[in-house]
Amino acid sequence: MEPETETVTEIEPVAETEVEDKAARGMAELVAIVEALIFVADEPITTKLLAEVLGEDRDAVEAAVSELQKEYESRESGLQIREIAGGWQIATRTELHEEVRKFLKTRPSAKLSLASLETLAVIAYKQPVTVPEILEIRGVQSASAIKTLLEKRLIVTKGHKETVGRPMQYGTSKEFLIQFGLKDLTELPSIEDFEDLAG
Amino acid sequence: MEPETETVTEIEPVAETEVEDKAARGMAELVAIVEALIFVADEPITTKLLAEVLGEDRDAVEAAVSELQKEYESRESGLQIREIAGGWQIATRTELHEEVRKFLKTRPSAKLSLASLETLAVIAYKQPVTVPEILEIRGVQSASAIKTLLEKRLIVTKGHKETVGRPMQYGTSKEFLIQFGLKDLTELPSIEDFEDLAG
Amino acid sequence: MIQTLMEQEPLEQFTFDFHKETAEISAGSNDELKLKLGEFAGPLDLLLFLIRQEQANIFDIPVAKITDEYVKYIRLMKRLDIAVAADFLVMAATLIEIKSRMLLPRDPLAPEDEELEDPRKDLVDRLLEYEKFKVAAQMLHEKTTVEQAVFQRGKIESDEANAEINASVFDIITVFQKILLRHRDEIKMEIAREEISLSDMIKNLKRRIFEETELNVLAFFEEMHSKRELVTAFIAVLEIVRTESVKLVQKKTFGEIILKAVTNGTGN
């Protein structure tokens with residue numbers, strides 16, 4: 001596969017000796033590579049950087065990007081190649097914002113911030129448990145985490161505790177069992193279950 | 001440079017009223033939306049979820065996805081639509097791994113140790129399986145391998161086994177399917193197929 | 001392509017090459033030898049290697065020879081300071097037991113036609129079973145290697161809001177354990193702090209002032225962890241100003257209050 005650009009025909013100095021495989025790339029291939037790099041980049045990627053990484057002229061890269069843009073437009077893709085902050089980026093097409101937003105809002109997920117996860121862990125193992133008790137264990141206020149967990153329906157209220165101030169008690173829900181693939185609460189591992197693994 | 005895909009050609013009033021009204025969506029539009037959603041989803045998105053969010057039949061979604069796959073293939077995109085861990089995902093094409101890796105400046109990530117891989121193989125084929133059962137097959141303690149696999153999220157706990165000592169059972173996770181490029185567990189070759197290979 | 005990927009193996013962690021025989025013991029430094037011996041995934045793995053090295057039939061293992069080899073390896077591992085897992089020793093014992101059973105003469109009282117069970121049978125079964133998983137591990141290794149040639153998209157805006165953990169039961173227990181530990185540490189620290197006496201506080205304060213020649217009083221108070229400590233610190237400051245060559249300086253009204261060591265011998 002390695003082209004190794006034999007520099008025998010030195011009639012036209014087709015540039016590039018170092019970076020090799022430039023000459024070997026056809027336009028279609030360059031377009032594909034550019035697409036892949038824009039896709040994996042965490043931030044908009046500049047023409048300059050693309051040219052550097054690929055050992056190509058900026059002109060060639062420009063041409064590839066604009067080819068790519070045309071492709072996306074002509075096939076009426078749900079995505080677009082757009083220029084932003086001086087670089088290129090793949091993004092969803094503006095017209096689809098509504099669907100995209102709806103999806104992002106409703107996607108189910110067991111994804112939790114660390115604070116929520118901590119709170120959930122305390123509730124799972126200490127249920128039924130009150131807010132002051134959670135505070136005592138975590139050492140941090142957990143009000144917003146509890147709100148999140150209630151919204152995600154991972155916890156439910158379990159009545160008031162018969163003590164000063166009658167604070168509300170919380171426990172995990174059926175949804176919690178489903179999301180975490182547990183048949184019932186006895187399936188929750190105990191700390192001892194993992195003690196042997198500590199080695 | 002901003003493309004801004006002018007929506008001037010409003011000859012056919014396809015869609016746009018409220019989201020949902022499914023009948024109004026043409027195939028091309030559905031393909032575009034499906035593409036956008038697969039793109040924004042941060043993990044493989046199932047046909048079922050796509051159908052739910054879009055208020056479409058699963059058949060229609062399936063058709064749209066396979067249309068999309070064909071599109072990507074025929075234009076020799078740098079990307080591919082692929083099925084993994086029971087869902088759909090956009091990813092770079094394998095052939096471009098060298099360029100991509102060069103750009104991301106990554107090396108192939110740290111591999112699992114032989115012990116971890118063996119333990120993972122036993123868990124994958126024997127799940128749900130307990131630590132003593134793994135020991136029986138491997139002939140060696142696997143505690144630290146199990147810990148590594150749990151930390152890498154490749155395995156999950158599957159409740160206690162109702163036997164003496166109620167040992168914890170383990171099984172593979174969705175992350176396992178993702179990292180090993182599997183659609184589902186049935187895609188694993190049968191363990192009996194390995195019988196003679198080793199001889 | 002798998003090949004090219006394998007060539008660029010990272011140096012991190014413990015790497016290995018499935019396509020090579022596990023342990024060719026060749027000349028080389030002790031460290032090299034250690035590394036190679038350490039590569040066996042377990043006693044069954046070592047045993048399979050020895051059987052293959054002898055080019056023996058797995059269904060007809062020359063137990064005496066293999067046992068000798070096995071024990072030799074274990075000795076070598078010990079000599080090289082490789083921690084030999086107990087499981088390796090258990091296997092050695094099993095081998096020796098099989099070996100001795102094979103040396104036993106056939107029970108003359110047993111009926112002629114009785115099929116004698118081969119003492120090696122259990123071991124062979126285990127080896128065959130294990131070997132399947134060893135190959136399966138290789139298959140997984142290849143799959144993940146191929147998979148590493150595929151990349152997912154970079155971060156996009158909508159991800160940002162979601163810098164969250166895709167939690168599993170293991171995360172829940174791990175987090176819970178951490179909270180408990182943290183809790184314990186806090187209690188310990190609390191106890192430790194409460195024990196700071198006034199004289200310790202004064203000593204501490206004095207050292208700080210003379211080391212740094214001046215100390216911001218407010219900053220010092222802010223270092224205190226509890227009300228009681230704060231009170232002790234406050235008394236310490238008053239005490240030190242009274243008894244030592246230290247003065248309180250405030251450069252302007254409502255400005256910072258500084259504790260300063262009095263250097264030019266004015267004090268006692």
Side-chain angles (χ1 to χ4, degrees), chain B residues 39-40 42-43 80 82 89-98 100-101 104 106-115 117-122 124-126 135-142 150-151 153 155-157 173-175 178-182 188-189 191-195 197-199, chain C residues 1 4-6 8-16 18 22 39-45 47-48 58 85-88 90-91 126-141 143-154 156 158-159 162 166 168-171 173-174:
Chain B
F39 175 78
V40 293
D42 52 8
E43 51 181 45
Q80 55 172 326
R82 61 179 200 151
Q89 182 192 59
I90 303 183
T92 60
R93 269 212 339 256
T94 334
E95 303 90 283
L96 304 178
H97 73 94
E98 256 171 83
V100 174
R101 194 164 287 142
L104 291 175
T106 57
R107 300 149 135 242
S109 65
K111 293 205 169 66
L112 291 169
S113 72
L114 191 49
L117 267 173
E118 268 187 27
T119 307
L120 186 58
V122 175
Y125 281 99
K126 292 281 184 181
L135 168 65
E136 176 64 32
I137 293 175
R138 291 196 57 225
V140 64
Q141 295 295 336
S142 308
L150 279 167
E151 280 165 1
R153 296 160 186 280
I155 59 168
V156 290
T157 57
S173 65
K174 195 186 203 179
E175 186 62 28
I178 294 175
Q179 287 199 20
F180 289 80
L182 298 164
L188 280 178
I191 188 73
E192 301 311 325
D193 290 347
F194 295 131
E195 217 157 286
L197 286 175
Chain C
M1 177 194 346
T4 40
L5 282 174
M6 302 269 294
Q8 329 173 329
E9 278 201 346
L11 300 168
E12 324 134 56
Q13 263 206 354
F14 174 31
T15 62
F16 56 95
F18 265 115
T22 337
E39 274 178 28
F40 290 108
L44 291 170
D45 196 17
L47 212 49
L48 274 181
I58 197 162
D87 305 292
F88 279 92
V90 170
M91 179 57 73
R126 282 189 73 191
L127 280 171
L128 289 175
E129 178 75 357
Y130 165 73
E131 197 166 32
K132 283 190 280 186
F133 290 96
K134 189 172 153 64
V135 183
Q138 174 179 344
M139 177 272 301
L140 288 179
H141 172 76
K143 274 200 185 302
T144 184
T145 307
V146 171
E147 190 55 27
Q148 287 193 2
V150 175
F151 295 84
Q152 291 161 34
R153 67 159 167 77
I156 57 173
S158 58
D159 295 344
N162 257 316
N166 207 346
S168 71
V169 173
F170 184 63
D171 293 306
I173 182 108
T174 313

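Letters go in sequence order (proteins before strands), and every chain restarts at 1. Source: prediction; values computed, not measured.
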Worksheet item: CG of B/Leu120 to NE2 of C/His141: how many Å apart, nearest 0.5 Å?
Response: 13.0 Å
Worksheet item: Under a 4.5 Å cut-off applied to non-hydrogen side-chain atoms, are C/Asp45 and B/Leu114 in contact?
Response: yes
Worksheet item: What part of C/Met139 gets closer than 4.5 Å to chain B, counting heavy atoms only: side chain, backbone, both or neither?
Response: side chain
Discussion item. Would you say that B/Glu118 contacts C/Tyr130 through its side chain, given a criterion of any heavy-atom pair below 4.5 Å between the two side chains?
Written reply: yes
Practice prompt. Of all the heavy-atom pairs spanning C/Ala136 and B/Ala121, show the shortest one and how long it is.
Written response: CB-CB, 3.9 Å
Worksheet, complete the sentence: Smallest heavy-atom separation, B/Arg101 atom then C/Gln148 atom, equals NH2-O, 2.5 Å
Worksheet item: Can you tell me how far the CD atom of C/Glu147 sits from the OG1 atom of B/Thr94, to the nearest 0.5 Å?
Response: 8.5 Å
Response to the item:
Separation between NZ (C/Lys134) and CD1 (B/Ile137), nearest 0.5 Å, reads 15.5 Å
Discussion item. To the closest 0.5 Å, what do you measure between CG (B/Leu188) and CG (C/Leu140)?
Written reply: 6.5 Å
Worksheet item: Is the closest side-chain heavy-atom distance between C/Arg153 and B/Asp42 below 4.5 Å?
Response: yes
Worksheet item: Can the positive tip of B/Arg138 be found less than 6.0 Å from the middle of the six-membered ring of C/Phe133, inside 45° of the ring normal?
Response: no
Worksheet item: Just wondering, do B/Gln179 and C/Lys143 contact through their side chains at under 4.5 Å, heavy atoms?
Response: no
Practice prompt. State, to 0.1 Å, how close B/Val140 and C/Pro43 come at their nearest heavy-atom pair, and which atoms those are.
Written response: CB-CD, 3.9 Å
